[in-house]
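Just so you know, these numbers come straight off a predicted model, no measurement behind them.
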Amino acid sequence: KTVSAGRVVFFLLITFFIFTATLNEPKALDLFMPKDGPPSKVPASGTLSIIAGKDGSTFYYEGALSSDGSDFKKSSLADIRRRIIEKKQEVLSKYKPDLACEQKAVANHTNPDNCRQKNLMILIKATPDADYKTIVGLLDEMTINGIARYALTEPDAADLAGINKT
């Protein structure tokens with residue numbers, strides 16, 4: 001028996017559409033939530049807060065924000081990347097080997113670098129008028145720079161006051 005040309009074309013079209021539909025599957029960002037329990041403590045010297053404002057503006061400060069806001073700085077995404085790298089290197093340079101943590105990481109097939117970053121925490125704070133592109137850009141920076149611990153949270157009153165001052 002011969003197969004009609006219409007059936008061959010139909011089969012090829014269906015195959016083409018199925019194939020191209022699988023190429024366009026959306027890619028999602030992996031999100032790992034902390035386990036229940038007491039909050040982990042991070043020294044203020046290992047904290048970097050990044051605030052995303054309106055129109056793509058970004059600000060940052062290290063540790064606890066000073067009462068006069070003098071350490072609150074306006075920045076660009078490129079400067080934020082440089083500051084993240086510097087902060088990570090600063091924390092890693094102060095790392096004291098924790099063999100138990102590193103062995104546990106290897107046993108659990110996770111990156112031992114996470115142990116070396118236990119005193120590094122980056123807080124990404126999004127104002128209500130922050131744009132999506134800036135937030136995604138900041139989250140991408142965490143992945144690009146291999147930051148093990150970061151959180152997306154709301155800015156507090158002091159952060160908003162710092163934005164208004166600059």
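In this structure, the side chains of E141 and I144 come closer than 4.5 Å at one or more pairs of heavy atoms. Taking 4.5 Å as the limit, every side-chain heavy atom of N119 sits out of range of all side-chain heavy atoms of K94. K73 has its side chain out of reach of D79: every pair of non-hydrogen atoms, C-beta onward, lies at least 4.5 Å apart. Side-chain atoms of Q117 and N111, non-hydrogen and from C-beta on, never get closer than 4.5 Å to each other. Under the 4.5 Å side-chain criterion, counting only non-hydrogen atoms from C-beta, D159 is not in contact with I163. Side-chain atoms of F72 and K165, non-hydrogen and from C-beta on, never get closer than 4.5 Å to each other. Put simply, the side chain of D55 does not reach to within 4.5 Å of the side chain of D131, judged on heavy atoms.
Exactly one of L138, I50, D156 qualifies for a side chain to side chain contact (heavy atoms under 4.5 Å, CB included) with K125. That residue is D156.
To the nearest 0.5 angstrom, I18 atom CD1 is 11.0 Å from L13 atom CG. For the atom pair OG (S45) and NZ (K87), the distance works out to 6.0 Å, reported to the nearest 0.5 Å. Within the model, atoms CG of L48 and OH of Y150 stand 14.5 Å from one another, a figure rounded to the nearest 0.5 Å. Atom OG1 of residue T47 and atom CG of residue L123 lie 6.0 Å apart, to the nearest 0.5 angstrom. Note that the CD atom of Q89 and the CG atom of N145 stand 9.5 Å from one another [nearest 0.5 Å]. Here CG of N114 is found 9.5 Å from CZ of R116. Values are rounded to the nearest 0.5 Å.
No continuous path of hydrophobic side-chain contacts links V136 to M142 [ILVMFWY only; heavy atoms under 4.5 Å]. Note on I51: it does not cluster hydrophobically with L77, by side-chain heavy-atom contacts below 4.5 Å among ILVMFWY residues. Under a hydrophobic-cluster definition in which Ile, Leu, Val, Met, Phe, Trp and Tyr are linked whenever side-chain heavy atoms come within less than 4.5 Å, directly or via other members, V91 and I124 are assigned to the same cluster.
Residues P112 and A105 share a closest heavy-atom pair of CA-CB, 3.9 Å. Closest of all the heavy-atom pairs between P155 and L160 is CG-CD2, 3.9 Å. For T127 against G53, the heavy-atom pair with the smallest separation is OG1-CA, 3.5 Å. Closest of all the heavy-atom pairs between A130 and A52 is CB-O, 3.4 Å. Minimum interatomic distance between F59 and S57 (heavy atoms only, all atoms of both residues): CE1-OG, 3.6 Å. What you find for A64 and A44 is that their closest heavy atoms are N-CB, 4.3 Å.
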Check your understanding: Between T110 and N108, is a side chain to side chain donor-acceptor pair (under 3.5 Å) present by the stated rule, with each step listed?
Key -> CA-CA 6 Å; T110 60; N108 292 336; 5.4 Å; no

Point to revise | Residues D113, K88; criterion salt bridge (charged side-chain N to carboxylate O under 4.0 Å, His left out); working and verdict | key: CA-CA 11 Å; D113 195 40; K88 182 178 177 183; 3.7 Å; yes

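Other residues, nucleotides and ligands place no more than 12 heavy atoms under 6.0 Å from the CZ atom of F11.
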